[in-house]
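Bear in mind the structure is a predicted one, so any value in this text is a computation, not a measurement.
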Amino acid sequence: MRLDQQTRDIIKSEVTRCLGQEAVVRLFGSRVDDTQRGGDIDLLIDVTAVIPNRIAAECRLAASLFIKLGGRKVDVLIREPGNPPLPIHEQALRQGIIL
Amino acid sequence: MKIGAETWLVLTRLARITERENHHLQRTAERLEAQAPDLAWVSSLEGNDERGEMLDAFVSRFGRLQDTLDDKLLPALLRATLEKTGTQLDNLLRAEKLGWIESVQAWMELRELRNRLIHEYMESSDDILDALLAALRGVEVLSKAQARMAAYLQSLEAMH
């Protein structure tokens with residue numbers, strides 16, 4: 001995983017603030033590949049309850065992480081319980097690392 | 001403050017472009033709002049070229065205005081006023097301080113929304129509808145930023 005401890009801590013505390021303590025954050029995409037360089041930070045977040053407007057929550061979190069991480073690009077996907085997994089979720093679950 | 005002729009040319013050209021882009025965005029946003037998009041409307045996009053094209057026009061005009069404002073006009077305005085320009089985040093934070101944009105947070109949320117509407121990773125009509133309605137509400141944020149930057153440029157011209 002190519003993400004330093006400070007970045008991981010910021011991500012986790014921001015996710016907790018926005019989505020609660022129960023939310024599980026997975027890093028996936030190019031940042032889990034140690035042979036690559038740079039790249040966006042892709043996150044899949046599992047929440048325990050359905051969110052009224054998931055898209056808005058994803059955009060809000062991506063925007064606040066962009067600011068908190070000094071302008072680094074973060075892609076956020078939120079997975080709610082009971083929804084059928086999308087192909088991108090399956091990929092994230094397969095290769096993702098829980099933060 | 002001395003602003004060179006070359007810089008004025010660039011600034012006034014960008015001001016004209018963003019004004020036009022804003023006008024075009026308003027037009028499609030109004031057309032789209034008049035359709036009162038709901039789930040049935042979004043579900044019909046696949047088979048309805050006119051609606052699909054209306055959505056595409058809205059999304060691309062939305063993105064174009066936001067891009068020209070924050071990639072071009074904002075750094076040019078900051079440079080003209082001898083402000084340091086930096087990363088996209090630095091410039092946006094400066095714009096927030098100067099009152100040109102409401103907040104960096106709201107600005108970046110709109111950028112995210114736009115990305116979601118462009119890339120088709122939204123497989124459900126619910127998601128597309130949520131993103132579309134939020135983007136329609138966000139049009140005002142872009143228009144205000146355009147108006148404020150244009151007003152600032154006019155105040156520079158008056159001083160010049």
Just to be sure I understand the criterion: a residue of residues 62-74 of chain A counts if one of its heavy atoms is under 4.5 Å from a heavy atom of chain B. Which ones qualify? A:A62, A:A63, A:S64, A:F66, A:I67, A:G70, A:G71, A:K73, A:V74
Does anything in residues 92-99 of chain A get under 4.5 Å of chain B by heavy atoms, and if so which residues? none
Heavy atoms of B:E112 and A:D75 approach each other most closely as OE1-OD1, 4.4 Å
[X], [Y]: one ILVMFWY side-chain cluster at the under-4.5 Å cut-off?
X	Y	value
B:L65	B:L136	yes
A:V24	A:L86	no
B:M54	B:V59	yes

In this structure, which one of B:D130, B:D126, B:D127 forms a side chain to side chain contact (heavy atoms under 4.5 Å, CB included) with A:R54? B:D127
Kindly check if the number of other-residue, nucleotide or ligand heavy atoms within 6.0 Å of [atom1] ([X]) is above 12?
X	atom1	result
A:E90	CD	yes
A:Q5	CD	yes
B:Q35	CD	yes

Rounded to the nearest 0.5 angstrom, the CG-CZ distance for B:L113 and A:R60 is 10.5 Å
Toward chain A: residues of residues 86-105 of chain B with heavy atoms under 4.5 Å: B:Q88, B:L89, B:V104, B:Q105
Which members of residues 11-33 of chain B, sorted by number, sit under 4.5 angstrom from chain A on a heavy-atom basis? none
